[in-house]
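Within every chain, numbering begins at 1; the chains are lettered A, B, ... in the order of the sequence lines, protein sequences first and strands thereafter. Just so it is clear, the model here is predicted, and its values are computed rather than measured.
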Amino acid sequence: MEKTYDPQAIETHWYELWEKNGYFKPSGSGEPYCIMIPPPNVTGSLHMGHGFQEAIMDALIRYQRMRGSNTLWQVGTDHAGIATQMVVERQLEADGLTRHDLGREQFIQKVWQWKQESGGNITQQLRRLGASPDWSRERFTMDDGFSQAVQEAFIRLHEDGLIYRGKRLVNWDPQLHTAISDLEVIAEEEQGHLWHFRYPLADGSGHLTVATTRPETMLGDSAVAVNPGDERYQHLIGKTLLLPLADREIPIIADDYVDVAFGTGCVKITPAHDFNDYDMGQRHQLPLLNILDRDAKLNDNVPPAYRGMERFQARKQIVADLDALGLLDKVMDHQLKVPRGDRSGVVIEPWLTDQWYVSAKPLAEKAIAAVETNAIQFVPKQYENMYFSWMRDIQDWCISRQLWWGHRIPAWYAEDGTIYVGRSEQDIRGKHAIPEDISLVQDEDVLDTWFSSGLWTFGTLGWPQNTPELKMFHPTSVLVTGFDIIFFWVARMIMFTLYFMGEVPFRTVYVHGLVRDSHGDKMSKSKGNVLDPIDLIDGIELTPLISKRTAGMMQPHLRDKIEKQTRAEFPDGIAAYGTDALRYTYYSLASTGRDIKFDVGRIGGFRNFCNKIWNATRYVLMNAEDQDCGQDDSDDYQLTLADRWIISRLQEAEQAVAAGIDSYRFDLASQALYDFIWSDYCDWYLELSKPVLWDDNAPQALKKGTRRTLIRVLEATLRLAHPLMPFITEEIWQKIKTLAGAEGDSIMLQAFPKPQTEKIDAAAVADIEWVKQVILAIRNVRGEMNIPPKTPLPIFIKNGNPEDRRRLDENRQFLTRLANLDTVTWLTPGDAAPASATALAGNMEILVPMAGLIDKSAELARLDKEINKLHKNLQQIQGKLNNERFVANAPADVVAKERARAEEIETALEKMDDQKKRIAEL
RNA sequence: GGGUGGUUAGCUCAGUUGGUAGAGCGACGGCCUUACAAGCCGUAGGUCACAGGUUCGACCCCUGUACCACCCACCA
C-alpha cells in the first residue's frame with residue numbers, strides 16, 4: 001500500500017465498477033426500503049446543499065442495503081419550468097434572439113437539445129459523491145411516462161371539481177410575463193415613501209387626503225374608503241370625489257378594514273391592482289379598472305398622457321402632476337414590504353387574468369390528518385408546526401404559468417368559449433361529439449413545475465399503471481429535504497399522493513438546514529462565497545477558483561471584492577480532500593435541524609481521519625500478511641486482554657453508529673465511529689498489539705489471536721463505516737477481506753455489523769481502564785516534568801491492593817511498552833521508596849524516582865496544581881454533604897457516591913500533602 | 001403582529017428521563033518512537049446569554065428579558 005492515502009487514485013475506479021455491476025439496483029428480497037431523490041433541476045449544477053442531502057440519503061440507502069433491505073433509491077431530474085426556460089433564453093440572448101424569434105415549437109426543441117447536452121451534468125456530479133441510486137430507473141419530470149401521469153392527475157382533479165379556471169388577481173411577473181404562486185413571491189422590507197394626496201370632493205366642498213405607497217395605481221382607483229366609526233369622515237360617506245388626473249367620480253365608502261390610526265384614515269381603493277382592494281371591491285361591488293399591461297406599463301384605460309408609460313416612470317410623473325395641481329399634501333419616508341419574484345427579482349404586480357387553480361382546502365384536510373395521526377412524521381418534530389400553520393390557512397393554488405417549457409395544460413377551447421379537458425383533441429372530439437368544422441384550440445399555458453413534482457413519489461414508479469414497483473416501494477420510507485421547500489413540495493406531495501394513491505407518500509420527512517459558509521452567511525453567487533463540492537473533492541488552484549467565482553459578474557467592484565476575499569480565504573487554493581472526507585464532514589455537521597456552517601477547516605481533519613484508517617491498515621497488513629490470522633476459522637488461538645477489550649468496544653461502537661443512523665443523528669454516528677477508530681483502535685489497541693506481536697517469546701496462540709483480532713475488528717469497522725465513507729472502505733476491504741476470512745465482490749453487498757452484546761466483556765473493559773489510567777498517570781509526569789519520551793523510567797508501585805497486583809502482573813508488558821518503562825517494582829508496606837514524583841490511580845501510588853530526571857521545584861509545582869484541583873472538587877462535594885437537606889432528600893445511592901468520592905479525594909490529598917512535605921525536605 | 005429555533009472553551013458544535021460540563025479545530029510545551037509529522041505525547045482554556053422560580057441539587061424543568069436567525073401575516 002502507498003504510504004499516504006490518495007483519494008483520487010481509488011474513487012472513480014470503484015464507482016464505475018459498482019454501477020457497471022448493477023449493485024445499486026434493488027436486491028429483490030428483504031423488507032422494501034425506498035427513498036425518492038428530490039429531483040434536482042436539470043439546469044442545475046451541484047451545490048453544497050445537494051452534496052449534503054445526497055450524502056445523507058446515500059448513507060441511509062447503503063446502510064439499509066447492507067442490512068438486507070430491498071432497497072430502491074429512485075433518481076431523476078426536474079424540468080424546472082421557469083429556471084430552465086430562463087437559462088435557454090439567456091443563451092438565445094447572447095445571439096441577440098428572443099424565444100419569440102424562434103416560436104414555441106422551435107424553442108422547446110432548443111430546450112430539449114440543451115437538456116440533451118447539459119442535463120447530465122448534475123447526475124455526473126452525483127456520481128462523484130458516491131451516490132448509489134438505481135441509475136437504470138432514472139426519470140425526468142417531462143419524460144413520456146411522467147407527462148402522462150401529470151396529464152392524468154390534471155384530468156382527474158378537474159373531473160372531481162378540484163381544478164377550476166377563474167379570473168382573479170394573480171401575482172404577475174412583468175418581466176417573465178407569467179403568473180406565479182404566492183410562494184414564489186418574496187416580500188422584503190424596503191425603504192419607500194408614503195405620499196399624501198388630496199382628492200377633491202365632487203361638490204367642491206373640500207377634499208379628502210389619502211395616503212399611498214404606489215401613486216401610479218391612483219388612475220385605477222374605484223373608491224376611497226374610511227372606517228365607518230371614524231368621526232372625522234362620517235359625514236362624507238356616500239359622497240363622491242373627483243379623481244384627479246383621471247377626472248372620474250368615485251364614491252366614498254365605509255369599511256371596517258380601514259385602520260383609523262394609519263396614515264390619514266382614508267384609503268384609496270384600486271380593486272384591480274391590490275389584493276385587499278380587490279376583496280373590498282367585491283364587498284362593495286366596485287368596478288375593476290385594469291390600468292396595466294403585461295409589461296406593467298400603463299394601458300389605454302388611463303388618460304392619454306400616461307399611456308405606455310413604465311410603472312415607475314408613471315409614479316414619478318403622477319406625483320409631479322399632482323404636485324403641480326397643488327394636490328400633493330406631503331411625502332413621508334416609509335418602510336414597506338415589496339413583493340418580488342423569486343426568479344426574476346422584479347416587483348410583482350397584482351394583475352387580473354384568467355388562470356387555472358387547484359382547490360387546496362379539501363386536499364389539505366387529509367394532509368393535515370396524516371401528520372396529526374403520525375402516519376407521516378417530521379424529523380425534527382417542530383417542523384410539523386410550520387406545516388400545520390400553513391396547511392390550515394391554505395389558499396387555492398394557481399397552477400398555470402404563461403411559459404413554453406413545461407407540461408401543457410390539457411384543456412381545449414371552442415370558439416364559443418366552452419372549455420374541454422381531456423387527453424387529446426381527438427379524445428375530446430370523440431367524447432363530446434364535436435364535429436371537425438368546430439375548431440378547438442389548446443390552452444397555451446403550462447403547469448407550475450411543482451404540480452408535476454407533487455406526483456414524484458408515485459409518478460416515478462409507474463402510476464397511473466399499477467406496477468409491481470408501485471406496490472413494492474410505495475409508500476416510500478423517508479424523504480430527505482430542506483425546510484425551504486416544505487410548502488412548495490412536501491406539502492403538495494402529501495396532498496396529491498393522499499388524493500391519488502389513498503396513502504402517504506413517505507412515512508418520515510427528515511428536514512435538514514441550509515448549508516452556509518463558515519461565517520453563517522448564505523452561499524450565493526453575488527457574495528462570491530460559493531463552494532463547489534467537486535472542488536473540495538478534487539481540489540482547485542487559486543486562479544481558476546477566482547475566475548470561477550467571478551465569472552459572469554457584471555459589476556467590477558463586486559468582482560474585485562470577491563477576488564480579494566477569495567485570495568484571503570484560500571491563498572493556496574483548495575486542497576483535494578476526496579469524497580469520503582467531504583461526506584464525513586457533512587455527517588459530522590448534521591445535527592438536529594439547524595443550519596450548517598461549513599468550515600473548510602473541518603474537512604481537512606476528516607481527510608486526516610481517512611489517512612489514519614489507511615495507515616492503520618498498513619500496520620495491520622505488515623503484521624498479518626502472509627501469516628495465519630485464523631482466516632480458515634480455525635480455533636487454535638487465544639485472545640489477550642486487549643483483544644477482548646477492543647472486541648467489546650467494537651460492539652458498543654456498532655450500537656452507537658446504528659442508533660445514530662436510525663435516529664437521523666449522523667453527527668452522533670460519525671462521532672462514535674471516529675472515536676472508536678482513532679481513540680480506541682488506533683491510539684490504544686494497535687499500540688497494545690505491539691508488545692504481543694513483537695515479542696519473540698509470546699506464545700503462538702496469543703499472537704494468532706492478536707492478528708485475528710486486528711484484522712477482524714478492522715474488517716468489521718470498515719463495514720460499519722461504509723455507509724458514511726464508501727470509497728476508502730471498499731478499497732481497504734478488498735485488500736484485507738481474505739485475511740479476515742471474508743468473501744464477496746464488494747463491501748457494498750456485505751452485511752452491516754450487528755452488535756453482539758455477549759461479546760462485551762466488562763472485566764476486560766475494567767482491566768484496560770486500569771491499564772490506561774496507570775499509563776496516563778506516568779505520561780502526565782513525563783510530560784509535565786519534560787522527561788524525554790525516549791528515557792525509560794523505573795517506577796515503583798505503592799499501596800496497591802491485590803486487584804492492582806493481579807492487574808500489574810497480567811499487564812506488565814503493556815505498561816512497559818506504552819509508558820516506556822525500565823522497571824516496575826511492587827512495594828510492600830514498610831519497603832523504602834526513593835524520592836519520587838507521585839501519581840495516583842485510585843488508592844494506588846505510582847512513583848517515578850526523581851534522581852537525575854526530575855527537578856524538585858517542578859515537582860512541587862505539579863503537586864500544587866493537582867492539590868488545588870482536588871481541593872476545589874472536595875469543597876464542592878463537602879458543601880453538598882454538609883447540607884442536611886441533601887442528605888435527607890437525595891437518593892441514597894447519590895449520597896453514597898458523593899461520600900465515597902469525598903473519601904477518595906481526602907485520601908488522595910493526604911498522600912499528596914505527605915509527598916509534598918517529603919520532597920520539600922530534600 | 002403571531003410562531004419556531006438558537007445563545008455552552010478563541011472558532012464550529014455535542015450534552016443521552018435534573019446528580020463531578022465534552023469533542024474537533026485552533027493555542028501552548030515536548031517528540032522525526034520501525035502504521036501514520038495529514039502523526040505521537042502532554043497542557044491550558046467555560047459564572048453553560050441575563051434575571052427570577054421549582055428542587056436537597058438546574059446547561060437540562062417553569063416564567064420573564066435581551067440579542068441572533070428563520071417562517072407566516074392585507075396595514076394603505
Inset, instruction - Figure out the CH2/P separation between A:Trp678 and B:G22, and round it to whole Å. - result: 22 Å
Inset, instruction - Verify the distance criterion only: is there a donor paired with an acceptor across the side chains of A:Asp279 and A:Tyr257 at less than 3.5 Å? - result: no
Inset, instruction - Could you tell me whether A:Glu2 contacts a base, only the sugar-phosphate backbone, or nothing, with contacts defined as non-hydrogen atoms closer than 4.0 Å? - result: nothing
Legend entry - Aromatic plane relationship, A:Phe487 with A:Trp390 - under 30° parallel, 30 to 60° tilted, over 60° perpendicular: parallel
Inset, instruction - Indicate, with a heavy-atom threshold strictly under 4.0 Å, whether A:Lys880 touches base, sugar-phosphate, or nothing. - result: nothing
Inset, instruction - Using the six-membered ring wherever Trp is involved, compare the ring planes of A:Phe606 and A:Phe609 and label them parallel, tilted or perpendicular (cut-offs 30° and 60°). - result: perpendicular
Legend entry - Quiz item: cation-pi between A:Arg779 and A:Trp684, 6.0 Å / 45°: yes
Legend entry - Working for side chain to side chain donor-acceptor pair (under 3.5 Å), residues A:Gln878 and A:Glu906: CA-CA 11 Å; A:Gln878 276 172 342; A:Glu906 275 164 3; 3.0 Å; yes
Inset, instruction - Go through B:U20, B:U12, B:C31 for me and flag the one nearest to the A:Leu589 side chain. - result: B:U12
Inset, instruction - For B:C60 versus B:G19, give the span between their P atoms, rounded off to a whole number of Å. - result: 11 Å
Legend entry - Nucleotide B:A76, atom C1' - distance to NE2 of A:His334 in whole Å: 8 Å
Inset, instruction - Give the rounded distance in Å between these two atoms: CZ of A:Arg665 and P of B:U16. - result: 9 Å
Legend entry - Touch class at under 4.0 angstrom, heavy-atom based, for A:Phe606 against every strand present: nothing
Inset, instruction - Please state whether the phosphate of B:C68, meaning OP1 or OP2, lies under 4.0 angstrom from any side-chain nitrogen or oxygen of A:Lys597. - result: no
Inset, instruction - Have a look at A:Ala890 and say if it touches a base, only the backbone sugar-phosphate, or nothing, with a 4.0 Å heavy-atom cut-off. - result: base
Inset, instruction - Let me know the distance between CG of A:Asn615 and P of B:U34, rounded to the nearest Å. - result: 13 Å
Inset, instruction - Take A:Tyr674 and A:Val258, find for each the nucleotide of RNA chain B with the closest heavy atom, and name the residue whose nucleotide sits nearer the 5' end. - result: A:Tyr674
Legend entry - Distance between P atoms of B:C59 and B:G52 (Å, rounded): 14 Å
Inset, instruction - Ignoring backbone atoms, establish whether A:Asn276 has a side-chain N or O less than 4.0 Å from OP1 or OP2 of B:C74. - result: no
Legend entry - B:C48 and B:U8, which share atom name P, separated by this distance in whole Å: 11 Å
Legend entry - Neighbour count >12 (heavy atoms, 6.0 Å) for atom NZ, A:Lys381: yes
Inset, instruction - Give the nucleotide from the list B:C71, B:A37, B:G19 with an atom nearest to the side chain of A:Met386. - result: B:C71
Inset, instruction - May I ask you to say what A:Arg214 touches in the nucleic acid, namely base, sugar-phosphate or nothing, with a heavy-atom cut-off under 4.0 Å? - result: nothing
Inset, instruction - Look at all strands and tell whether A:Pro891 reaches a base, only sugar-phosphate, or nothing, counting heavy atoms closer than 4.0 Å. - result: base
Inset, instruction - Would you tell me if any nitrogen or oxygen in the side chain of A:Asn385 comes within less than 4.0 Å of OP1 or OP2 on B:C71? - result: no
Legend entry - Selection from B:A44, B:U12, B:G42 that lies nearest to any side-chain heavy atom of A:Arg779: B:G42
Inset, instruction - Pick base, sugar-phosphate or nothing for A:Thr212, based on heavy-atom distances below 4.0 Å to the nucleic acid. - result: sugar-phosphate
Legend entry - B:C36 phosphate, OP1 or OP2, under 4.0 Å from A:Asn608 side-chain N/O: no
Legend entry - Distance in angstrom units between A:Phe676 CZ and B:A23 C1', rounded: 18 Å
Inset, instruction - Counting heavy atoms from C-beta on, name the nucleotide in B:C56, B:A44, B:A76 closest to the side chain of A:Lys865. - result: B:A44
Inset, instruction - Report which part of the nucleic acid A:Asn883 touches: base, sugar-phosphate, or nothing (heavy-atom distance under 4.0 Å, all strands). - result: sugar-phosphate
Inset, instruction - Describe the nucleic acid contact of A:Leu776 in one word from base, sugar-phosphate, nothing, applying a heavy-atom distance below 4.0 Å. - result: sugar-phosphate
Legend entry - Protein-nucleotide distance (A:Asp182, atom CG; B:C72, atom P), rounded to Å: 11 Å
Inset, instruction - Give the C-alpha distance, both sets of side-chain angles, the deciding distance and a yes or no for ring pair (Phe, Tyr, Trp, His ring centres under 6.0 Å) between A:Tyr383 and A:Phe378. - result: CA-CA 6 Å; A:Tyr383 283 108; A:Phe378 280 71; 7.4 Å; no
Legend entry - Qualifying residue for salt bridge (charged side-chain N to carboxylate O under 4.0 Å, His left out) with A:Arg340, from A:Glu189, A:Glu188, A:Glu190: A:Glu190
Inset, instruction - Go through RNA chain B and write down every stem, that is, every run of at least three consecutive Watson-Crick or G-U wobble pairs with distances under 3.5 Å, as range with range. - result: B:1-7 with B:66-72, B:10-13 with B:22-25, B:27-31 with B:39-43, B:49-53 with B:61-65
Legend entry - Nearest-angstrom distance, P atom, B:U7 to B:A49: 7 Å
Inset, instruction - Could you please name the option among B:C74, B:C41, B:A38 that lies closest to any side-chain atom of A:Thr4? - result: B:A38
Legend entry - Among B:U43, B:C41, B:G24, the one nearest A:Glu784 by side-chain distance: B:U43
Inset, instruction - Using the C1' atom on both, measure B:A14 against B:A73 and round to a whole Å. - result: 36 Å
Inset, instruction - Quote, to the nearest angstrom, the C1' distance that separates B:G24 from B:A9. - result: 12 Å
Inset, instruction - For A:Lys690, report the nucleic acid contact type (base, sugar-phosphate, nothing); a contact means any heavy atom under 4.0 Å. - result: base
Inset, instruction - Using a heavy-atom cut-off of under 4.0 Å over every strand shown, decide if A:Lys381 touches base, sugar-phosphate, or nothing. - result: nothing
Inset, instruction - Applying side-chain contact (heavy atoms from CB on, under 4.5 Å), run through A:Leu208 and A:Ile252 and close with a yes or a no. - result: CA-CA 10 Å; A:Leu208 269 185; A:Ile252 298 168; 3.7 Å; yes
Inset, instruction - Kindly confirm or rule out a cation-pi arrangement of A:Arg392 over A:Phe388, judged by NZ or CZ under 6.0 Å from the six-membered ring centre and within 45° of its axis? - result: yes
Legend entry - Closest nucleotide among B:C71, B:C41, B:A76 to the A:Phe487 side chain: B:C71
Inset, instruction - Under 4.0 Å between any heavy atoms, over every strand shown, what does A:Phe609 touch: base, sugar-phosphate, or nothing? Just pick one. - result: nothing
Inset, instruction - Give a yes/no on whether any side-chain N or O of A:Lys337 is located under 4.0 angstrom from OP1 or OP2 of B:C74. - result: no
Legend entry - Atom-to-atom span, CZ of A:Arg392 to P of B:U4 - whole angstrom: 13 Å
Inset, instruction - Describe the nucleic acid contact of A:Asn873 in one word from base, sugar-phosphate, nothing, applying a heavy-atom distance below 4.0 Å. - result: base
Legend entry - C1'-based separation of B:C41 from B:C36 [nearest Å]: 15 Å
Legend entry - P-based separation of B:A35 from B:G29 [nearest Å]: 28 Å
Inset, instruction - Measure from NZ or CZ of A:Lys690 to the centre of the six-membered ring of A:Tyr619 and say whether it is under 6.0 Å with the direction within 45° of the ring axis. - result: yes
Inset, instruction - Have a look at A:Leu668 and say if it touches a base, only the backbone sugar-phosphate, or nothing, with a 4.0 Å heavy-atom cut-off. - result: sugar-phosphate
Legend entry - Closest-nucleotide ordering on RNA chain B, the 5'-leading residue of A:Trp390 and A:Cys266: A:Trp390
Inset, instruction - Starting at atom CD1 of A:Ile778, determine the distance to atom P of B:U33, rounded to an integer number of angstrom. - result: 21 Å
